Amino acid sequence: MTDLATRRRSGPRWVRRGFVAPTVLVTVVLGLYPLIFIVGAAVTESSLGKPFQSVVGADQIVAAATDAGVIGSLVRGTLYALVVAAASTILGTAAALALWR
């Protein structure tokens, strides 16, 4: 019996990409649609009842991008996410190794 790691891949490359393409497409669409909607709502006078009424400009986006409080919050949030991801990976690996027979 051949090992899965050493078995030769069969089939043309486009077939393998065809299986991955729907997942990539859905991920891109699910990421881009909310981003486009939020940016559209930020540059227009929008409310929940009447979205995208009139264009007011990107002053809010520029003000938020240059505000020290917003930048600090983004840095802290990113650091928190990285620390939690690293800690959960290390603890999960340690638990898996401890339970492995």
Side-chain angles (χ1 to χ4, degrees):
M1 182 176 220
T2 61
D3 188 9
L4 290 177
T6 59
R7 191 178 345 173
R8 230 181 99 183
R9 294 180 182 168
S10 61
R13 182 175 287 176
W14 65 268
V15 171
R16 292 191 305 260
R17 288 185 181 164
F19 283 112
V20 176
T23 304
V24 172
L25 181 65
V26 166
T27 304
V28 168
V29 168
L30 288 177
L32 281 180
Y33 176 73
L35 179 66
I36 292 169
F37 184 85
I38 290 170
V39 170
V43 298
T44 60
E45 187 176 334
S46 296
S47 68
L48 289 176
K50 296 180 181 180
F52 310 116
Q53 291 300 306
S54 62
V55 177
V56 294
D59 294 335
Q60 306 90 306
I61 297 172
V62 172
T66 57
D67 185 31
V70 172
I71 293 171
S73 177
L74 290 174
V75 169
R76 284 189 302 274
T78 302
L79 288 175
Y80 175 79
L82 291 174
V83 168
V84 168
S88 63
T89 301
I90 291 168
L91 290 174
T93 302
L97 289 174
L99 297 173
W100 184 48
R101 295 182 186 191

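Quick note: numbers below take in every heavy atom, side chains included, and nothing from hydrogens, waters or symmetry partners. Keep in mind it's a predicted model, so treat the numbers as computed, not measured.
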- Say whether Val56 and Val62 are linked into one hydrophobic cluster, either directly or through other cluster members, by side-chain heavy-atom distances under 4.5 angstrom. no
Keeping Thr93 on the side-chain end and Thr89 on the backbone end, is there a donor-acceptor pair under 3.5 Å? yes
If you look at every heavy atom in [X] and [Y], which pair is closest and at what distance?
X	Y	result
Ser46	Phe52	OG-N, 2.9 Å
Pro22	Gly18	CD-O, 3.1 Å
Leu30	Pro34	O-CD, 3.1 Å

- Does atom CD of Glu45 have more than 12 heavy-atom neighbours, drawn from other residues, nucleotides or ligands, at distances under 6.0 Å? no
With Leu25 as partner, the option from Val29, Val28, Thr27 fulfilling side chain to side chain contact (heavy atoms under 4.5 Å, CB included) is Val29
